[in-house]
Amino acid sequence: MRARTTSEPGGAAGPPGSGHPPRGRVTLVGGGPGAVDLLTLRAWRALRSADVVVADRLGAVGVLDDLPATTDVVHVGKTSGHHPVPQDEINRIIVARALAGAHVVRLKGGDPFLFGRGGEEVLACREAGIEVDVVPGVTSAVGVPELAGIPVTHRGTARGVHITSGHGGLDTAAIATVRENTTTLVVLMGVSSLSTIVQQALRAGTDPATPVAIVENGSTPAQRVTRTRLDEAGDVATREGVAAPAVIVIGGVAADGLLGGARDGRLAGAGV
């Protein structure tokens, strides 16, 4: 059965009844990088019990087709530079539907608390006196490289991992990380800023030959891995038509064949 979709965000009414309906609750669900079978069992149970699902564009949105027909789905997805439903309005929708008595599941890509603005949504719920739970999700920062055969830490290669947003380039901590070359740098939402990131890293003294891997559409049938070196990364990405969503991994762990994998980025004998 297919869940029904609300054309106007927040436009559907709460449960029928006289007077004020009982106060509902909210569950923030991390949907992982995209593959439905990477949802946790707890996430699936929350979705199956939801009255309303407020869904992002990315993540395990394929699960929406398997929800009960009575589930109301509100799409609030964003693309790079295009936010048709701003965050304040998303918060308002979640709170309003919960105050109307619904169990609202906020389905987010990746993990709610890693660049997912989940903390803001928790605060909005708590300020309105609404019970809110959080279900962790597989974060693309670790899961997507892993599915491409890239361990973000590896003994003798990288003893730590630094995760950053690529909007506007790298901050001071990220630049220091890539220059030291003992910690893997994982950049999310960085495709449009890749040339800037490369120039920042090179100016800081990073080895131009530092391996770089860019994993597009991780966990999905469209997954593609592009491997290059730091000083060529911008040109290679342009030539290959690299596009978001993608995870950028910079450091020794991105070297081709580190774990004996094939060039397509899959571990030998393993599927994605």
For the hydrophobic clusters of this structure (ILVMFWY residues joined by side-chain heavy atoms under 4.5 Å, transitively), does one cluster hold both [X] and [Y]?
X      : Y      : result
Val161 : Val138 : no
Phe115 : Val187 : no
Leu114 : Met189 : yes
Leu188 : Leu170 : no
Val191 : Ile163 : no

- Please lay out, stage by stage, how Leu147 and Leu38 fare under the test side-chain contact (heavy atoms from CB on, under 4.5 Å). CA-CA 11 Å; Leu147 290 168; Leu38 289 177; 4.1 Å; yes
- Task: Give the C-alpha distance, both sets of side-chain angles, the deciding distance and a yes or no for side-chain contact (heavy atoms from CB on, under 4.5 Å) between Val74 and Val85.
- Result: CA-CA 11 Å; Val74 180; Val85 185; over 6 Å; no
Donor-acceptor pair, [X] side chain versus [Y] backbone, under 3.5 Å?
X      : Y      : answer
Arg227 : Ala254 : yes
Asn217 : Gln223 : no
Asp51  : His103 : yes
Asp56  : Leu58  : no
Thr139 : Val142 : no
Thr183 : His162 : no

Using side-chain heavy atoms (C-beta onward) and a distance below 4.5 Å, is [X] in contact with [Y]?
X      : Y      : result
Arg106 : Val76  : yes
Pro151 : Leu259 : yes
Val186 : Val247 : yes
Val253 : Leu258 : yes
Leu202 : Pro208 : yes

To the nearest 0.5 Å, how far apart are [atom1] in [X] and [atom2] in [Y]?
X      : Y      : atom1 : atom2 : value
Ile93  : Asp88  : CD1   : CG    : 11.0 Å
Thr164 : Asp171 : OG1   : CG    : 4.5 Å
Glu240 : Ile214 : CD    : CD1   : 9.5 Å
Arg23  : Glu131 : CZ    : CD    : 11.0 Å
Leu230 : Ile197 : CG    : CD1   : 10.0 Å
Glu121 : Lys108 : CD    : NZ    : 3.5 Å

Which heavy atom of [X] sits nearest a heavy atom of [Y], and at what distance?
X      : Y      : result
Gly169 : Thr196 : CA-CG2, 4.3 Å
Leu28  : Gly118 : CD1-O, 3.5 Å
Val29  : Pro112 : C-CG, 4.0 Å
Pro33  : Val144 : CB-CG2, 3.7 Å
Val152 : Ala141 : CG1-O, 3.8 Å
Ala35  : Ser219 : N-OG, 3.0 Å

- side-chain contact (heavy atoms from CB on, under 4.5 Å) between Arg45 and Arg48: does it pass, once the steps are laid out? CA-CA 5 Å; Arg45 286 172 174 164; Arg48 292 288 294 179; 5.8 Å; no
- With Val63, which residues qualify under side-chain contact (heavy atoms from CB on, under 4.5 Å), at least two apart? Val36, Leu39, Trp44, Leu47, Leu107
- Task: Step by step, work out the side-chain contact (heavy atoms from CB on, under 4.5 Å) result for Arg97 and Asp72.
- Result: CA-CA 11 Å; Arg97 300 303 293 271; Asp72 191 6; 3.0 Å; yes
- Note on the structure: Test side-chain contact (heavy atoms from CB on, under 4.5 Å), reference Val242, set Thr226, Val236, Ile248, output is Thr226
- Item | side-chain contact (heavy atoms from CB on, under 4.5 Å) partner of Ile94, the single match among Ile130, Val52, Leu99, Val104 | Val104
Just distance, no hydrogens or angles: give the donor-acceptor pairs under 3.5 Å from side chains in residues 172-179, sequence neighbours left out.
from: Thr177; atom 1: OG1; to: Ala173; atom 2: O; distance (Å): 3.0

